[in-house]
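Report on the following structure.
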There are 2 protein chains.
Amino acid sequence: MAGQAQYEELARQLSAVGAVKRDLGRILPADCPAGSAAVLATLGRHGDMRMSKLAEILAVDMSVTSRHVAHAASRGWIDRLPDPADKRSRILHLTPAGLDRLGDLSRRTTRLLAERLSDWSDDEVGQLIHLMTRLRDSFGDCRSQTARACATTAGAETGSACAAAPVAEETTRTPADIRK
Amino acid sequence: MAGQAQYEELARQLSAVGAVKRDLGRILPADCPAGSAAVLATLGRHGDMRMSKLAEILAVDMSVTSRHVAHAASRGWIDRLPDPADKRSRILHLTPAGLDRLGDLSRRTTRLLAERLSDWSDDEVGQLIHLMTRLRDSFGDCRSQTARACATTAGAETGSACAAAPVAEETTRTPADIRK
DNA sequence: TATTGTTATACTCTATAACTATA
DNA sequence: TATAGTTATAGAGTATAACAATA
């Protein structure tokens, strides 16, 4: 465990990372906001999946995911195929145009990172990736009942710690109509 | 330097950190949004400073800073004292109430981090802090002409790399009225 | 004429709630 | 009755632009 001063500093640095994210966001093409870019990147990394699974990976409410996905679909970057096993479900699938777009996004991001981190060693970048991944895992990468599905579809995941601390709320779902 | 796959993974993890930030944001008191909390934390860490300096540290446009500061000031958490050296300027100063509030924020944040990172070693937390600080520095902690002031007021800063790559735009300032 | 700070406006991201169509 | 997904609405963060006061 760490001391209070360390936690405070970590909180500050987490807040400061926003500046980096904003910089990365500024190089995106005008018709592809960060939300859609995240959708494309996630599908590119983990393959086809359902809305709920995507919402879980992105750790945002499904309503948010739905909007980002709708935008990407309207541009023809992804298809929302029917799920033969459940007619309520939709299988998200990257189209060739989506792959193209994703390649473009990758090049832009890579170029900026390579420029900014030109004096970083391969090992340092690896360490940062490792620690950030661990951080996300510690903050409940696996929440609620859908947690089991974590390692199912995404085989080459990051080695998440699914048995960590219990998390109160459920992230990918909103309370639903509990009319008291 | 690192490879493209690493940069792509780093970009994904940077995006994913948003979930952690959102979790931290959820434990804030209702009258203190993240923007105001960042203002208080920065003043608590670096001491009194001007608007422009604060905007630079937060790496957001000064218009944004102005709004966050106005909110904090309206709650009595900070004073905007006149700058004897420049009547256009204002010196931001934490009030006793602001210090109280900051203490509260610190306790909330620390509690959550301590809970989530209970299985992290002191050293691991330190490494993450180190790498995130370095990341922010690499992304132009010091931009534009105000860069010189970086180490002036904040002595115990983080050892930023002020002589890094040249940055195109200026972050704490908007184009101003260039009526063509 | 340039700079400091403020304000108005617009856009993105997010969560909550209500709704549909299935299960 | 519960779940998958959609949509409407509201709140926060940010950037751009225009403005006021001062340098």
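In what follows, every chain begins at residue 1, and chains take the letters A, B, ... in the order their sequences are listed.
Comparing D/dT14, D/dA12, D/dG5 against the side chain of B/P33 picks out D/dA12 as the nearest. Closest to the side chain of B/S66, from the set C/dT7, D/dG5, C/dT14, is C/dT7. Nearest to the side chain of A/V60, among D/dT6, C/dG5, C/dT14, sits C/dT14.
In the hydrophobic clustering of ILVMFWY residues, with side-chain heavy atoms under 4.5 Å counting as a link, B/L28 and B/V69 come out together.
Residue-level contact check: A/S89 touches the backbone only, with heavy atoms under 4.0 Å from sugar-phosphate atoms and none from bases. Residue-level contact check: B/D83 touches neither bases nor backbone, having no heavy atom under 4.0 Å from any strand. Within 4.0 Å (heavy atoms only), B/R67 reaches at least one base atom of the nucleic acid. Within 4.0 Å of B/A34, counting heavy atoms only, lie sugar-phosphate atoms of the nucleic acid but no base atom.
For the pair B/L58 CG and D/dA15 C1', the computed distance is 15 Å after rounding to whole Å. In this entry the distance linking CZ of A/R26 with C1' of C/dT12 reads 13 Å, nearest Å. Rounded to an integer number of Å, the gap from A/D61 CG to D/dA4 C1' is 12 Å. In this structure, B/I27 places its CD1 atom 17 Å from P of D/dA12, rounding to the nearest Å. For the pair B/M51 CE and C/dT7 C1', the interatomic distance rounds to 12 Å; values are reported in whole Å. Between the NZ atom of B/K87 and the P atom of D/dA23 there is a distance of 6 Å, rounded to whole Å. Atoms CZ (A/R90) and P (C/dT20) sit 17 Å apart, rounded to a whole Å. B/R88 places its CZ atom 5 Å from the C1' atom of D/dT22, with the value rounded to the nearest Å.
A donor-acceptor pair is defined here as one N or O able to donate and one able to accept, closer than 3.5 Å; no such pair exists between the side chain of A/S36 and the backbone of A/C32.
Between B/R22 and the phosphate of C/dC13, there is no side-chain N or O to OP1/OP2 separation shorter than 4.0 Å. Taking side-chain N and O atoms only, B/H68 has a distance below 4.0 Å to OP1 or OP2 of D/dT14.
The base of D/dT14 is not paired with the side chain of B/S63 by any donor and acceptor separated by under 3.5 Å.
Across B/L10 and A/M132, no two heavy atoms sit closer than the pair CD1-SD, 4.2 Å. Pairing each heavy atom of A/L81 with each of A/H93, the nearest pair is CD1-CB, 3.8 Å.
Comparing A/A85 and A/S36 along DNA chain C, the residue whose closest nucleotide (by nearest heavy atom) sits nearer the 5' end is A/S36.
Ionic pairing of B/R101 and B/D31 is present here: one or more N-O contacts between side-chain nitrogen and carboxylate oxygen are shorter than 4.0 angstrom.
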